[in-house]
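Read the numbers this way: they start at 1 and go in the same order the structure lists the ligands and their atoms. No hydrogens, no waters, no symmetry mates; every other heavy atom, side chains included, goes into these values. Not measured: the values here are computed from a predicted model.
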Amino acid sequence: MKFFIDTANLDDIKKAYKVGVLSGVTTNPSLVAKEGVKFEDRIEEILKTVPEVESVSAEVTPDAETAEDMIAQAEELIKINGGDQNITIKLPMTIAGLEATRYLAKKGVKTNVTLIFTVNQALLAARAGATYVSPFLGRLDDISEDGVQLVAKIAELFRIQNIDSQIIAASVRHPDHVTRVALAGAHIATIPYSVIEQLVKHPLTEQGIEKFAADWKNAVQN
Ligand code: E4P
């Protein structure tokens with residue numbers, strides 16, 4: 001399973017990129033709005049910050065309601081990157097979103113269908129040609145449904161049906177989600193920087209580092 005970072009915050013993206021585990025970035029309108037910056041400018045900055053990742057997801061804005069609106073926005077977003085392959089157009093799981101996914105997939109543009117909460121939605125997105133499908137597990141957990149189970153079922157279905165769309169486990173809230181979606185067969189987990197930090201840390205690692213430092217200091221003093 002690969003890691004994407006789920007943020008529009010440049011500092012967090014830079015920190016995660018430096019760690020060397022980052023394969024992509026996902027953003028959404030709420031994450032961009034939080035930064036108080038112009039959407040297209042931030043996407044351009046992100047693309048420049050992480051030139052070697054496989055995918056940077058830029059979501060069409062909520063005012064794009066028809067497939068035509070979404071495609072028009074996608075075409076502008078693709079230009080930001082000079083047509084390079086790592087920009088991925090993120091589209092909502094709606095009829096219009098699926099139509100736009102089909103159109104863009106046929107043009108060879110990477111797509112990420114977002115806000116997926118059922119296996120059937122994932123199947124539809126895959127059949128429309130989505131490069132990535134994004135089930136939101138945390139938001140399902142929030143309403144007392146098992147988000148990880150959804151990821152597991154989508155992974156099983158894609159295996160049985162030989163579907164090659166990649167599953168991005170999204171709305172990931174903590175390290176246990178990460179372990180469980182990896183075991184469930186997600187291809188990617190998109191996670192905030194705070195979860196990357198949590199994944200690194202363990203109290204015994206910290207204690208171990210402190211003990212090595214103390215022993216080393218004593219030995220040097222003797
Ligand atoms: C994924 O692409 C979304 O941006 C994200 O994971 C949503 O997460 P949230 O439910 O924590 O807002």
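Salt bridge Glu45/Arg42: present, at least one basic N to carboxylate O contact under 4.0 Å. Using a 4.0 Å cut-off between charged side-chain N and carboxylate O, Glu206 and Lys201 make no salt bridge. Electrostatic pairing of Lys79 and Glu75 does not count as a salt bridge here, judged by no charged N lying under 4.0 Å from a carboxylate O.
Screening residues 132-142 for side-chain hydrogen bond (donor to acceptor under 3.5 Å, both in side chains), with sequence neighbours left out, gives Glu54-Tyr132, Asn112-Ser134, Asp141-His177, Asp142-Arg173. Applying the side-chain hydrogen bond (donor to acceptor under 3.5 Å, both in side chains) rule to pairs touching residues 185-200 yields Thr26-Thr190, sequence neighbours excluded.
For atom 5 (C) of ligand 1, the nearest protein heavy atom (residue, atom name, distance) is Asp6 OD2, 2.8 Å. What sits closest to atom 7 (C) of ligand 1 on the protein, heavy atoms only, is Phe136 CE2, 3.5 Å. The nearest protein atom to atom 4 (O) of ligand 1, hydrogens excluded, is given as Asn28 ND2, 2.7 Å; this is a heavy-atom distance. Scanning the protein for heavy atoms near atom 8 (O) of ligand 1, the closest one is Ser171 CA, 3.4 Å.
Residues Phe158 and Ile167 are in side-chain contact: their nearest non-hydrogen atoms beyond the backbone lie under 4.5 Å apart. Contact annotation: the side chain of Ile168 approaches that of Ile188 to within less than 4.5 Å [non-hydrogen atoms, C-beta and beyond].
Atoms of ligand 1 found under 4.0 Å from any heavy atom of Lys90, numbered from 1 in the order shown, are 1 (C), 2 (O), 3 (C), 4 (O). Within ligand 1, counting atoms from 1 as listed, the ones closer than 4.0 Å to a heavy atom of Arg139 are 7 (C), 9 (P), 10 (O), 12 (O).
The proximity of Ser134 to ligand 1, defined as any non-hydrogen pair under 4.0 Å, does not occur for either the backbone or the side chain.
Checked by distance only, ligand 1 and Thr27 stay at 3.5 Å or farther apart across all their nitrogen or oxygen atoms. Taking distance alone, with nitrogen or oxygen atoms compared against 3.5 Å, Thr190 stays at or beyond that limit from ligand 1.
Between Glu59 and ligand 1 there is no heavy-atom distance shorter than 4.0 Å.
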